[in-house]
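Single-structure report; data block below.
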Amino acid sequence: MKLARYLLATVKETPADAEIISHQLMLRAGMIRRLAAGLYTWMPLGLRVLRKVEAIVREEMDRAGAQEVLMPAVQPAELWQDSGRWDYYGPELLRIKDRHQRDFCFGPTHEEVITDLIRREIRSYKQLPANFYQIQTKFRDEIRPRFGVMRAREFLMKDAYSFHLDQASLQETYDEMYRTYTRIFTRLGLEFRAVRADTGAIGGSHSHEFHVLAASGEDAIAFASDGDYAANVELAEALPPAQPRTASAAALREVATPGQHSIADISAFLSVAPRQCLKTLLVKGREGGIVALVLRGDHELNAIKAAKLPEVADPLAFASAEEMRAAAGCNAGSLGPVGLKVPAIVDHAAAQAADFVCGANRDGFHLTGVNWGRDLPEPRTTDLRNVIDGDPSPDGHGTLAIRRGIEVGHIFQLGQKYSSAMQSGCLDEQGRSVTLTMGCYGIGVSRIVAAAIEQNHDERGIVWPEALAPFAVMLIPLNAHKSHRVREAAERLYRELWDHGIETLYDDRGERPGVMFADADLIGIPHRLVVAEKGLDAGTVEYKHRRSDEVRHIPLSELIPLLKSARAATDN
RNA sequence: CGGGGUAUAGCGCAGUCUGGUAGCGCGCCAGCUUUGGGAGCUGGAUGUCGUGGGUUCGAAUCCCUCUACCCCGACCA
């Protein structure tokens with residue numbers, strides 16, 4: 001491509017409403033433009049990157065024996081009513097009506113459509129197992145789209161669905177997909193980890209998320225210092241403390257704590273560590289009523305763990321101010337487990353505390369020197385909190401460290417959730433009717449582009465991994481307006497590079513050198529070639545890699561082999 | 001959905017409090033100079049001041065309506 005008439009829409013200034021670096025750089029490099037909240041146009045340069053991701057995903061899915069299909073983005077409501085999700089899915093599902101007032105939705109995912117297809121097409125166990133995938137635009141009406149294409153409403157996703165006669169066959173394909181995802185993210189040049197994830201109603205250890213590690217990630221991941229345990233913090237188990245509770249030493253006292261509400265207030269006011277304070281949260285119960293959850297002051301409630309308790313409403317909902325006063329006789333800020341009339345469920349770590357501080361269930365007062373078993377009954381304990389840095393690993397190997405990740409892939413075993421709701425089955429070897437067992441496997445294709453930038457940038461712009469770069473080479477002529485030799489050499493080199501299949505951008509805009517260098521750096525092209533008078537005298541062009549400061553003078557004859565070997569190193 | 005904020009040239013912003021001829025930087029167009037890290041000078045084009053209504057001799061500015069977008073909030077006891 002020649003830049004003079006390529007829509008290279010780079011901008012110098014950082015757009016005001018882009019918060020994270022990938023969003024800023026995608027706008028500045030002219031990869032995307034916003035149309036409305038969570039809706040983006042992919043510009044020529046950005047689309048090339050998106051296509052690179054797609055191509056690698058497609059190659060590896062094909063290699064793993066999956067068959068590509070393309071299903072409609074718009075889906076009839078009937079299918080969603082069949083599966084029960086029309087009512088369950090909520091406002092994230094974009095519902096639309098056609099001219100006959102029939103209900104449709106813009107697909108946020110395709111379990112219903114594929115299950116419907118398979119129940120019509122698959123007749124015999126001889127056709128199984130089978131795995132179908134598509135790369136397609138999805139729409140999820142997110143409460144709060146943000147971070148550009150990282151959390152957009154419309155986005156490109158690869159979704160795959162596998163069908164099996166039994167669990168053993170599903171496990172095989174699941175493992176194959178795990179390996180395939182590992183290959184894909186490795187080829188994309190990303191630093192990533194597979195982590196155990198929450199499976200919702202499915203249960204078991206049959207779900208993994210693939211996360212690109214980045215400080216801006218929206219998910220927290222817990223890693224074990226020894227061994228390979230890794231899990232989303234949503235799921236990671238906090239083990240009960242190994243040491244027994246220390247004996248009580250202090251007497252129970254009620255102290256006035258006017259205006260002191262938060263753990264931070266109380267610990268500062270009474271000069272005790274936050275971990276010596278307990279916080280009490282009142283939440284709605286599953287069958288109505290109120291339940292108290294008690295945690296150590298330095299710990300955070302894990303809403304997913306709490307919502308799984310049989311006593312607690314799912315999803316988790318906090319008690320209103322009126323409900324608090326009715327249940328405890330005080331406002332938030334003075335709640336405590338002592339003398340509370342509602343059932344209390346206590347986190348393991350909170351149950352281990354001795355001589356602790358908590359609210360007195362009387363506005364403006366707290367209790368100090370409180371002890372389980374003495375001042376209130378021994379608690380019912382469970383795991384309620386998020387793991388924190390330094391907690392013991394649930395698998396017994398070392399301690400946990402917390403890092404942030406961007407979820408770019410998710411594989412899980414669906415079992416028979418959709419196939420039984422939608423009566424998708426076939427005949428087995430004995431002629432018996434069997435309900436199919438399913439797996440599903442997603443990759444956020446457009447999100448990967450943003451995630452890759454989060455991991456690969458510097459102060460000058462994007463630094464593309466070889467496999468994702470929109471172009472391999474940026475060809476820059478110096479003083480082309482004055483020098484026939486430079487112009488001719490650059491033109492010749494440009495054609496030669498393309499003849500060898502090396503994707504090259506030729507900057508024929510006639511800009512000053514500084515502008516050309518700055519744009520080349522901003523859009524992150526890996527290999528930079530500069531053609532100038534002084535090099536031509538020696539029969540060389542100047543070569544620089546985006547990641548390096550080293551400038552090398554390469555004889556023209558060695559150029560193509562050099563670039564080809566750089567590319568080959570990243571294929572497969 | 002609750003709270004906060006913003007909307008003025010392609011982009012980033014000032015002007016609004018205190019009503020009176022719509023501005024700055026970048027970008028864009030033309031010319032000259034310049035050419036190894038986002039050039040300089042000269043000249044130029046570009047605005048229903050988000051929408052609709054109201055007050056006023058006069059509204060970007062004051063009042064009301066609507067819309068769009070951004071940020072914060074489901075980790076607080």
Side-chain angles (χ1 to χ4, degrees), chain A residues 9-19 23 27-28 30 33-39 90-91 143-148 220 233-234 257 259-267 274 277-284 292-307 313 315-321 324-325 327-328 330-337 340 357-366 384-386 388 459-461 476-483 486 509-522 528 530-535 542 544 549 551:
Chain A
T10 55
V11 288
K12 263 194 269 190
E13 285 172 291
T14 301
D17 50 16
E19 281 194 284
H23 189 195
L27 289 168
R28 285 193 54 211
R33 286 293 183 259
R34 193 186 66 86
L35 178 64
L39 304 179
I143 305 174
R144 210 179 139 197
R146 57 181 143 178
F147 303 154
V233 163
E234 288 180 350
T257 50
Q260 311 297 312
H261 299 300
S262 68
I263 290 290
D265 293 342
I266 294 298
S267 67
C277 305
L278 297 194
K279 59 181 167 187
T280 303
L281 286 63
L282 298 186
V283 300
K284 295 185 193 297
L293 304 176
V294 182
L295 291 152
R296 221 168 69 184
D298 58 332
H299 287 152
E300 285 178 353
L301 177 68
N302 180 309
I304 289 180
K305 290 175 182 176
L316 190 73
F318 287 95
S320 67
M324 276 182 207
R325 277 192 293 276
C330 69
N331 293 303
S334 299
L335 295 171
L340 205 56
V357 174
C358 64
N361 294 325
R362 183 180 161 203
D363 283 331
F365 290 89
H366 281 74
L384 278 180
R385 68 180 176 93
N386 283 338
I388 57 174
E459 65 288 344
R460 293 199 302 265
I476 296 177
L478 289 189
N479 279 313
H481 61 295
K482 280 188 192 162
S483 167
V486 166
R509 294 177 296 177
E511 287 287 354
R512 296 164 57 86
V515 174
M516 295 193 281
F517 292 147
D519 274 341
D521 288 342
L522 175 61
R528 189 183 84 185
V530 176
V531 179
E533 278 281 350
K534 47 184 171 180
E542 192 180 295
K544 180 185 162 307
D549 289 328
V551 171

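Not measured: the values here are computed from a predicted model.
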Determine whether L295(A) and L384(A) make a side-chain contact, defined as any pair of heavy atoms from C-beta on separated by less than 4.5 Å.
yes

Using a heavy-atom cut-off of 4.0 Å across all strands, would you classify R28(A) as base, sugar-phosphate, or nothing?
base

Nearest-nucleotide wise, let me know which of E533(A) and G38(A) is further upstream toward the 5' end of RNA chain B.
E533(A)

Between A77(B), G37(B), G36(B), which nucleotide gets closest to the side-chain atoms of D521(A)?
G37(B)

Taking any strand in view, what nucleotide pairs with A59(B) in a Watson-Crick or G-U wobble way, both distances under 3.5 Å?
none

Classify M324(A) by what it touches in the nucleic acid, base, sugar-phosphate, or nothing, heavy-atom distance under 4.0 Å.
base

Under 4.0 Å, counting only non-hydrogen atoms across every strand here, what does H481(A) touch: a base, just sugar-phosphate, or nothing?
base

The Watson-Crick or G-U wobble partner of C41(B), with both key distances under 3.5 Å, is G31(B)

Nucleotide nearest E300(A) when distance is taken to its side chain, options U34(B), C75(B), A77(B):
C75(B)

Nearest-nucleotide pick for V515(A), side chain only, options being G38(B), G37(B), C75(B):
G38(B)

Taking C70(B), G37(B), A77(B) as options, the one with an atom nearest any side-chain atom of A37(A) is C70(B)

R34(A) has an atom CZ; how far is it from atom P of G10(B), in whole Å?
15 Å

Re A74(B): Watson-Crick or G-U wobble partner, both distances kept under 3.5 Å, found to be none

Between atom CD1 in I388(A) and atom P in C75(B), what is the gap in whole Å?
17 Å

For the residue pair D519(A) and R509(A), establish whether any side-chain heavy-atom pair is separated by less than 4.5 Å.
yes

When the C1' atoms of C49(B) and A7(B) are considered, how many whole Å apart are they?
9 Å

Touch class at under 4.0 angstrom, heavy-atom based, for A532(A) against every strand present
base

Roughly how many Å apart are G47(B) and C69(B), using the P atom of each and rounding to a whole number?
26 Å

Rounded to the Å, how far apart are L282(A) CG and A77(B) P?
12 Å

Any side-chain heavy atom of N331(A) within less than 4.5 Å of one from R325(A)?
yes

Considering only atom P, compute the distance from C29(B) to A74(B) and round it to an integer number of Å.
48 Å

Taking the six-membered ring of F517(A) as reference, does the NZ or CZ atom of R460(A) fall below 6.0 Å from its centre and within a 45° cone about the axis?
no

Mind checking whether R296(A) and L278(A) have side chains closer than 4.5 Å, heavy atoms only?
yes

R385(A) and K305(A), any side-chain heavy atoms less than 4.5 Å apart
no

Considering every strand and a 4.0 Å limit on heavy-atom distances, what is the contact class for I143(A): base, sugar-phosphate, or nothing?
base

Need one value for S262(A): base, sugar-phosphate or nothing, where a base atom within 4.0 Å counts as base even if backbone is also close, heavy atoms only.
sugar-phosphate

Would you mind reading off the distance between R509(A) atom CZ and G27(B) atom P, rounded to a whole angstrom?
13 Å

Touch class at under 4.0 angstrom, heavy-atom based, for D519(A) against every strand present
base

Provide, to the nearest angstrom, the distance between the CZ atom belonging to R528(A) and the P atom belonging to G36(B).
13 Å

Inter-nucleotide P distance (C28(B), C70(B)), Å rounded:
28 Å

Look at the side chain of D363(A) and the backbone N and O of C330(A), then say whether any donor-acceptor pair between them is shorter than 3.5 Å.
no

Do T14(A) and R28(A) have side chains that approach each other closer than 4.5 Å (heavy atoms only, starting at C-beta)?
yes

Roughly how far apart, to the nearest Å, are U48(B) and C57(B) at atom P?
28 Å

So what does K12(A) touch, heavy atoms closer than 4.0 Å: a base, only the sugar-phosphate, or nothing?
base

Between C63(B) and C24(B), how many Å separate the two C1' atoms, rounded to a whole number?
30 Å

My understanding is that a pair needs two contacts under 3.5 Å, Watson-Crick or G-U wobble. By that rule, which nucleotide pairs with A14(B)?
none

Sugar-phosphate only, base, or nothing, as touched by E542(A) at under 4.0 Å among non-hydrogen atoms
base

Is any side-chain heavy atom of E533(A) closer than 4.5 Å to one of L478(A)?
no

Roughly how far apart, to the nearest Å, are C26(B) and G38(B) at atom P?
15 Å

Please work out if S334(A) contacts a base, only the sugar-phosphate, or nothing of the nucleic acid, heavy-atom cut-off 4.0 Å.
sugar-phosphate

Paired to A7(B) by Watson-Crick or G-U wobble criteria (both distances under 3.5 Å) is U67(B)

Closest listed nucleotide, where the reference is the side chain of N386(A) and the choices are C71(B), C75(B), A77(B)
C75(B)

Measure from CD on E13(A) to C1' on G27(B) and round the result to the nearest Å.
9 Å

Can you tell which of A77(B), G36(B), C75(B) lies closest to the side chain of P513(A)?
G36(B)

What distance, rounded to whole Å, do you find between the two P atoms, one in C66(B) and one in G4(B)?
16 Å

So L293(A) and V283(A), side chain to side chain contact (heavy atoms under 4.5 Å, CB included) or not? Walk me through it.
CA-CA 7 Å; L293(A) 304 176; V283(A) 300; 3.9 Å; yes

Tabulate atom names and distances for all N/O pairs under 3.5 angstrom spanning the protein and nucleotides 40-50 of chain B.
none

Can you measure L316(A) atom CG to A74(B) atom C1' for me and round it to whole angstrom units?
9 Å

Whole angstroms only, please: what is the CD-P distance between E511(A) and G36(B)?
14 Å

Any side-chain heavy-atom pair from L301(A) and L316(A) closer than 4.5 angstrom?
yes

